[in-house]
Amino acid sequence: MRAYSSHKDIIKLVNKVDSVGLVPTMGSLHEGHLSLIRRALSENEKVIVSIYVNPLQFNSSDDLKKYPRDIKNDLQKLEALSDIIAYVPNDNEMYKKDKKKKKYNFGQFTKIMEGKMRPGHFNGVGTVVEKLLRMFNPTNAYFGEKDFQQLILIKALVREQKLKVNIVGCKTIREDDGLAMSSRNKLLNNTERESAGHIIRLLNKARELYKSSTLEETKRNILKDALMIENLNLEYFEIHDTSDLSGFFEQEKEIRAFIACKVGNIRLIDNVTI
Ligand code: PAF
């Protein structure tokens, strides 16, 4: 593993290789990130892992301040994974003097769920991801399905900007009790962590209910169950036929249940196919 703070040094290393995999992260690496990195290593000649807490995608300065950072530990984890190029820029390297969000128009899909709850968030994600993709021109770039709406957005961005990169969506990696791995999980105290383990139960129950109930009945049931979970405040629970979200899904019809909630003060999201 070698870590660089300037993209120019990395470009020199990768400009002649056959395939480059990019794994964008905000650090505090966990097994979910490591599974993306392992997949990238198995599919590309060189792999770049970026670690950058992107200020443009946070809705509050408090959330940005509290976002977990552990660069020393991150680099140690990458060290154990063989031949990784780590890109660890600061704000100046990433944005120069132009720390502004680009405004994308991805239509209806950005106005629901995360787009609705976190205004401007997807413009911030799009801005940094487009910068990284243009910087390194990777063959493949890897994103987790936990942030499913983000994954779809990035696919749309790549199509719209006519970038030549294959976006690879990777399955959500879960803790033993089913909680989706997330850097934010480490901010939960013990009782909150226990409550967070119920998120997947709500999603699994939605899958069961939806087999024999209407959308409305399923939602009503899940909202009722969510109220019983200590420390958990539901922000939304939604079910979408992803093929209805016109233009954004090339893949076959797929029904997914999406959830966002606060456990204590920590905001968590998850989704499953149902
Ligand atoms: O999913 C994340 O960690 C971030 O949104 C990403 C894609 C690294 C952009 O900052």
Side-chain angles (χ1 to χ4, degrees), residues 3 7 10 21-37 39-40 47-61 63-71 73-74 77-78 84-91 93-95 99-102 104 106 109-110 113-115 117-136 138 140-158 161 163 165-174 180-187 258 260 266-271:
H7 66 284
I10 297 182
L22 173 68
V23 185
T25 81
M26 297 208 295
S28 252
L29 301 180
H30 50 69
E31 205 34 56
H33 296 115
L34 300 185
S35 76
L36 306 186
I37 298 169
R39 175 145 179 208
V47 172
I48 304 168
V49 176
S50 64
I51 299 178
Y52 178 61
V53 181
N54 173 32
L56 296 190
Q57 69 188 75
F58 285 81
N59 298 81
S60 87
S61 51
D63 192 24
L64 172 61
K65 207 159 78 198
K66 278 199 309 224
Y67 196 84
R69 293 160 172 87
D70 196 353
I71 190 70
N73 199 9
D74 287 347
K77 287 184 178 160
L78 295 182
I84 300 284
I85 300 169
Y87 175 50
V88 191
N90 60 20
D91 287 347
E93 151 78 9
M94 185 56 82
Y95 290 117
K99 207 159 114 200
K100 271 204 229 93
K101 280 182 220 178
K102 204 170 153 178
Y104 297 92
F106 294 127
F109 195 51
T110 45
M113 300 192 291
E114 291 305 284
M117 300 310 294
R118 305 184 67 187
H121 167 69
F122 284 133
N123 283 332
V125 172
T127 305
V128 79
V129 171
E130 186 179 345
K131 261 185 193 294
L132 289 165
L133 294 175
R134 290 193 188 282
M135 241 176 225
F136 298 121
N140 300 297
Y142 297 80
F143 298 87
E145 282 187 354
K146 182 181 78 68
D147 299 295
F148 195 78
Q149 217 180 343
Q150 165 176 287
L151 170 65
I152 299 314
L153 255 293
I154 290 167
K155 286 188 178 176
L157 181 150
V158 163
Q161 300 289 322
L163 301 175
V165 54
N166 176 37
I167 300 298
V168 185
C170 302
K171 293 262 165 288
T172 302
I173 304 296
R174 299 182 179 280
M181 290 206 183
S182 161
S183 304
R184 291 179 192 269
N185 292 355
K186 62 167 74 147
L187 300 174
F258 297 85
I266 310 307
R267 191 170 185 279
L268 301 172
I269 61 172
D270 198 358
N271 69 88

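For ligands, and for the atoms within them, numbers begin at 1 and follow the listed sequence.
For atom 7 (C) of ligand 1, the closest non-hydrogen atom on the protein side is Gln150 NE2, 3.5 Å. Nearest non-hydrogen protein atom to atom 3 (O) of ligand 1 is Met26 CG, 3.7 Å.
Every residue was checked against the salt bridge (Lys or Arg N to Asp or Glu O under 4.0 Å) condition with Lys101, not counting sequence neighbours, and none meets it. With sequence neighbours left out, Glu31 forms a salt bridge (Lys or Arg N to Asp or Glu O under 4.0 Å) with Arg38.
When all heavy atoms are compared, the tightest approach of Ile51 to Pro89 is O-CD, 3.5 Å.
The aromatic rings of Phe136 and His7 sit perpendicular to each other, their planes meeting at more than 60°, with 30° as the lower class boundary.
Using a 4.0 Å cut-off to heavy atoms of Val128, the atoms of ligand 1 that qualify are 9 (C), 10 (O). Close approach to Pro24 involves these atoms of ligand 1, each under 4.0 Å from a residue heavy atom: 8 (C).
Tyr67 and Asn54 form no side-chain donor-acceptor contact under 3.5 Å, judged by distance and modelled atom types alone.
Here's the thing with Gln57: one of its N/O atoms is less than 3.5 angstrom from an N/O atom of ligand 1.
At a 4.0 Å heavy-atom cut-off, ligand 1 touches Thr25 through the backbone alone.
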